[in-house]
Amino acid sequence: DLHLILKAFRLASEALPVLIFILSVILLVFASLIYVLEPRSNIHSLPEALWFTVVTVGTVGYGDIVPQSQLGSMATGAMIVVSALY
């Protein structure tokens, strides 16, 4: 039984680099979009936008940062849909 589980993990690990790359691209694209669309009084830096993106994609949603602009809310909604489909 353990041999079967190890084989399954070995086969699944082949796809892991591609999945991590795609997730990284999604995070960076949406973090950049949020950083551009949100006012500087809300999102002060790109790392803060990346934090918001990671927390939102991970469905944690701490609520420490929320979009204030309408375009930021629309981008966040699109990010939620894309991450749910991913």
Transitive ILVMFWY side-chain link [X] to [Y], under 4.5 Å:
| X | Y | answer |
| --- | --- | --- |
| Leu46 | Val66 | no |
| Leu28 | Val36 | no |
| Phe9 | Leu19 | no |
| Val60 | Val54 | yes |

Looking only at heavy atoms, which two atoms of [X] and [Y] are closest? And how far apart?
| X | Y | answer |
| --- | --- | --- |
| Ala49 | Ile34 | CB-CG2, 4.4 Å |
| Ile22 | Tyr86 | CG2-CE1, 3.5 Å |
| Glu48 | Ile43 | OE1-C, 3.9 Å |
| Val57 | Ser83 | CG1-CB, 3.7 Å |

With rounding to the nearest 0.5 angstrom, report the [atom1] to [atom2] distance, [X] to [Y].
| X | Y | atom1 | atom2 | answer |
| --- | --- | --- | --- | --- |
| Phe30 | Ile80 | CZ | CD1 | 10.0 Å |
| Leu2 | Ile5 | CG | CD1 | 6.0 Å |
| Leu27 | Thr56 | CG | OG1 | 10.0 Å |
| Leu37 | Asn42 | CG | CG | 11.5 Å |

Cut-off 3.5 Å, no hydrogens considered: what does the side-chain donor-acceptor table look like for residues 68-79, sequence neighbours left out?
unit_1, atom_1, unit_2, atom_2, d
Ser69, OG, Glu38, OE2, 2.7
Ser69, OG, Gly72, N, 3.0
Ser73, OG, Ser69, O, 3.1
Thr76, OG1, Gly72, O, 2.8

Summary of side-chain hydrogen bond (donor to acceptor under 3.5 Å, both in side chains) pairs that have at least one residue in residues 8-35, sequence neighbours excluded
none

Taking ring-ring contact (aromatic ring centres under 6.0 Å, His included) as the definition, give me every residue that meets it alongside Tyr62, ordered by chain and number, with sequence neighbours left out.
Trp51

